[in-house]
Amino acid sequence: MGYNTESTATCYHQLAMSNQKPRVRFAPSPTGQLHVGNARTALYNWLFAHHHGGDFLLRIEDTDVERSEIRYEDQLMEDLRWLGLNWTEGPEVGGPHGPYRQSERLDIYSQHTERLLDDGKAYRCFCTTAELDAERAQAIREHKPQIYSGKCRAIDAETSQRRAAAGEPSAIRLRIPDAPLRFHDMVRGEVEFASDTISDPILVRSSGVPVYNYVVTVDDALMKITHVIRGDDHISNTPKQVAIYQAFGWSVPQFAHLSTILGSDRERLSKRHGATSISSFREMGILPEALTNYLALLGWGAEDGKTETFTLDELTREFKLERVTSSPAIFDFDKLHWLNRHYLKLATPERILDLAWPYFAAKNLLPPRSNASDALLQWFGNLVALVLPSVDTLQQLPEKTSFVFARDTTTAQADPENAALLNTDSARRVLQAFALRVRAAATVTPEQFKLWMNEIKAETGIKGKDLFHPVRIALTGAHSGPEFDKLIPLIEEGSRLPLPTPIFSILQRVNRFQSSFDSSSVAEV
RNA sequence: GGCGGCAUGGUGUAAUUGGUUAACACGCUGCCCUCUCAAGGCAGAGAGUUCGGGUUCGAUCCCCGAUGCCGCUACCA
């Protein structure tokens with residue numbers, strides 16, 4: 001018996017040849033936020049399942065009761081749904097192989113443990129922590145693999161039974177067979193571990209709680225998982241798991257170990273590198289399709305070697321596990337932003353408006369969405385459309401629209417670049433001529449504005465940058481921004497809208513700016 | 001220390017699986033557009049494939065070794 005390379009390969013072959021639908025799972029621990037690494041694992045599982053018309057299921061690995069929290073479980077599911085990664089079997093939807101929460105499967109595990117014990121595939125280990133520590137210390141000293149000596153392997157069944165019955169604490173270990181442990185990895189090929197480098201793994205702690213490596217294996221087998229797609233931090237665990245499959249006489253699934261996602265310093269990506277949780281990306285206004293597209297690209301490339309933008313549907317068609325790279329990838333925020341800009345441009349105006357609104361409401365720039373008039377909706381839509389191409393994330397929108405919301409453009413004079421532009425005779429002449437016209441007309445249209453600027457140009461001989469920049473600074477507080485044709489109506493219309501933070505009209509802006517500007521420039525001269 | 005994995009411009013991926021000048025995208029630089037910024041369009045710089053051997057007529061690709069990084073080495077997951 002035993003599953004050598006050939007039988008594993010045969011297994012794979014049969015699966016590939018048969019029409020058996022693959023079944024894959026995403027099995028997170030609810031001990032924290034879903035982060036990009038896990039999300040990418042979930043995505044690859046989902047894509048693989050959907051590409052082959054198979055099943056994608058969700059299982060919660062909450063055997064670590066200390067760290068597991070229900071709120072993280074809820075958050076996890078919310079994040080997955082937001083990404084568009086739905087599942088057909090899981091803790092809340094149920095399914096034929098439930099329950100899907102490991103904490104609810106404890107009976108199943110103990111039944112299986114009995115079986116292993118009865119078959120002599122596993123044994124009780126009475127070694128104390130102190131003994132094990134000593135063994136380990138010695139192994140290090142002798143430059144040998146740190147593996148359990150197997151001291152308790154030799155205890156006969158009867159004695160073992162008796163000592164356990166007498167209340168002596170014991171863990172349960174698997175007997176690792178004396179043969180190399182091999183498995184086929186769809187992204188790395190054949191992987192082999194010598195059996196004498198693998199310790200007899202603990203299956204059940206002396207507390208009676210089974211350990212991760214054991215329960216995943218039992219669950220994956222019972223849930224009929226055909227392909228285990230997970231992070232490569234599990235690669236060294238896999239031989240132990242293979243041994244568990246063998247001990248039960250179960251067929252070993254296909255494995256695919258995905259490389260780690262690194263930060264720009266080549267360290268494992270973490271909070272230190274900035275936002276890494278899915279919810280933080282959502283909060284900053286990254287579109288889910290941008291994130292899934294980006295994550296797909298982190299370790300995979302399309303067959304044509306060129307196309308980079310894919311919707312989830314397109315990814316489903318194109319995605320092949322065989323094309324996944326085995327080397328770690330560095331997370332690049334710039335590229336994520338590029339993709340987000342791409343999808344922001346593709347999104348419908350209605351959707352953008354819905355998504356953008358809360359960022360402004362939170363800053364008290366807009367009323368609650370439910371109170372919005374059609375005129376306000378229209379105006380805001382125009383405003384957002386104007387600056388959308390220049391933002392990486394929705395979160396940047398309020399700042400990018402400060403040209404209309406800014407309450408005090410006079411502070412712009414403090415900026416050295418602005419001051420240089422303003423502290424000239426020509427700037428003063430332009431501003432005075434402009435103010436004169438605004439005060440006479442009270443309101444401004446783009447057509448009027450154009451006319452006035454032409455008049456000022458003719459009468460002062462000032463043109464280009466020297467003509468426009470002072471006006472721009474006076475109006476918006478910045479020497480750069482959108483074209484006046486768009487800017488003028490946005491400000492004027494905005495000033496007539498009832499807003500929690502009213503917008504100043506052109507006239508108000510000119511008056512406020514002129515008064516402070518005149519006094520400050522007098523002082524300078 | 002032991003075991004395993006990984007290595008192509010700054011970054012992510014390609015390279016018909018051993019065949020010419022190593023491709024695409026992000027980013028960067030410049031130009032065009034323009035009052036300005038952004039967007040958009042165009043152009044350009046940037047790697048000889050971690051290093052050293054070997055196999056071969058020929059290695060990014062196969063083999064060996066070194067180095068570096070990552071993971072596992074728990075009665076964590």
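Below, chains carry the letters A, B, ... as their sequence lines are ordered, and counting in each starts from 1. Please read all numbers here as calculations on a predicted model, not as lab measurements.
Using the six-membered ring where Trp is involved, A:Y109 and A:Y214 have ring planes that are tilted, between 30° and 60° apart. Using cut-offs of 30° and 60° on the angle between ring planes, the pair A:F331 and A:F333 is perpendicular. The aromatic rings of A:F183 and A:H257 stand perpendicular to each other, their planes meeting at an angle above 60°, with 30° marking the opposite boundary.
Taking atom C1' in both B:A39 and B:C32, the straight-line distance is 14 Å, to the nearest Å. Look at the P atom in both B:U8 and B:A47: the space between them is 15 Å, to the nearest Å. Going from the P atom of B:A23 to that of B:A14 covers 16 Å, rounded to whole Å. Only the C1' atoms considered, B:U67 is 7 Å distant from B:C51, to the nearest whole Å. A gap of 24 Å separates the P atoms of B:G12 and B:C63, to the nearest Å. Going from the P atom of B:G19 to that of B:U49 covers 16 Å, rounded to whole Å. The gap from the C1' atom of B:C26 to that of B:G58 amounts to 34 Å, rounded to the nearest Å. The same atom, P, is picked in B:A77 and in B:C70; the two are 24 Å apart, to the nearest Å.
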Exercise. If the sugar-phosphate is the primed atoms plus P, OP1 and OP2 and the base is the rest, what is the B/S/- string for nucleotides 71-77 of chain B, using protein heavy atoms under 4.0 Å?
Worked result: BSBSBBB
Seminar exercise, completed: Counting primed atoms, P, OP1 and OP2 as sugar-phosphate and everything else as base, the B/S/- map of nucleotides 24-49 of chain B against protein heavy atoms under 4.0 Å is SBSS-------BBBSSS---------
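Note on residues 324-333 of chain A: no pairs pass side-chain hydrogen bond (donor to acceptor under 3.5 Å, both in side chains), not counting sequence neighbours. Among residues at least two apart or in separate chains, there is no ring pair (Phe, Tyr, Trp, His ring centres under 6.0 Å) pair with a member in residues 185-209 of chain A.
Of the residues listed (A:Y294, A:Y44, A:F310), the one engaging A:W300 in a ring-ring contact (aromatic ring centres under 6.0 Å, His included) is A:F310, and it is the only one.
The pair A:K151-A:E131 counts as a salt bridge, with a side-chain nitrogen and a carboxylate oxygen less than 4.0 angstrom apart. Using a 4.0 Å cut-off between charged nitrogen and carboxylate oxygen, A:D74 and A:R71 do not count as a salt-bridge pair.
Taking atom NE2 of residue A:H337 and atom C1' of nucleotide B:U11, one finds them 15 Å apart after rounding to whole Å. Atoms CG (A:L297) and P (B:U13) sit 8 Å apart, rounded to a whole Å. Rounded to whole angstrom, the span from the CE atom of A:M186 across to the C1' atom of B:G5 amounts to 18 Å. Between the C1' atom of B:A14 and the CD atom of A:E322 lies a distance of 17 Å, rounded to the nearest Å. In this structure, the CG atom of A:L315 is 14 Å from the P atom of B:U13, given to the nearest Å. Rounded to an integer number of Å, the gap from CZ of A:R40 to C1' of B:G12 is 11 Å. Following rounding to the nearest Å, A:L298 (CG) and B:U13 (C1') show an atom-to-atom distance of 10 Å. Here the P atom of nucleotide B:U13 and the CZ atom of A:F310 are 14 Å apart, to the nearest Å.
By the neighbour-count criterion of 12 heavy atoms within 6.0 Å, atom CD of A:Q395 is densely surrounded, having more than that number from other residues, nucleotides or ligands. Summarising the local packing, CD of A:E459 is surrounded by more than 12 heavy atoms from other residues, nucleotides or ligands at distances under 6.0 Å.
Base orientation of B:G48: syn (glycosidic angle within 90° of 0). Under the 90° criterion around 0 for the glycosidic angle, B:U56 counts as anti.
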Polar-atom pairs under 3.5 Å, protein N or O versus N or O of nucleotides 6-8 of chain B: list them with distances, or write none.
none

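Checked against the 6.0 Å centroid threshold, A:F255 and A:H184 do not count as a close aromatic pair.
For the residue pair A:D62/A:S103, the side-chain donor-acceptor check at 3.5 Å is satisfied.
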For this session: Evaluate the criterion side chain to side chain contact (heavy atoms under 4.5 Å, CB included) for residue pair A:I488 and A:I506; output intermediate values, then yes/no.
Result: CA-CA 8 Å; A:I488 303 281; A:I506 303 263; 3.9 Å; yes
For this session: With salt bridge (Lys or Arg N to Asp or Glu O under 4.0 Å) as the test, would you mind laying out the steps for A:R67 and A:D64 before giving the verdict?
Result: CA-CA 6 Å; A:R67 290 193 294 156; A:D64 184 349; 2.8 Å; yes
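Among the protein residues, A:R323 comes within range of the sugar-phosphate backbone only, with heavy atoms under 4.0 Å from sugar or phosphate atoms but none that close to a base. If you check every strand for non-hydrogen atoms under 4.0 Å, A:G299 touches sugar and phosphate atoms only.
Using modelled atom types, no side-chain atom of A:R105 and backbone atom of A:Y100 make a donor-acceptor pair closer than 3.5 Å.
For RNA chain B, runs of at least 3 consecutive pairs of the Watson-Crick or G-U wobble type, with both hydrogen-bonding distances under 3.5 angstrom, map to B:1-7 with B:67-73, B:10-13 with B:23-26, B:28-32 with B:40-44, B:50-54 with B:62-66.
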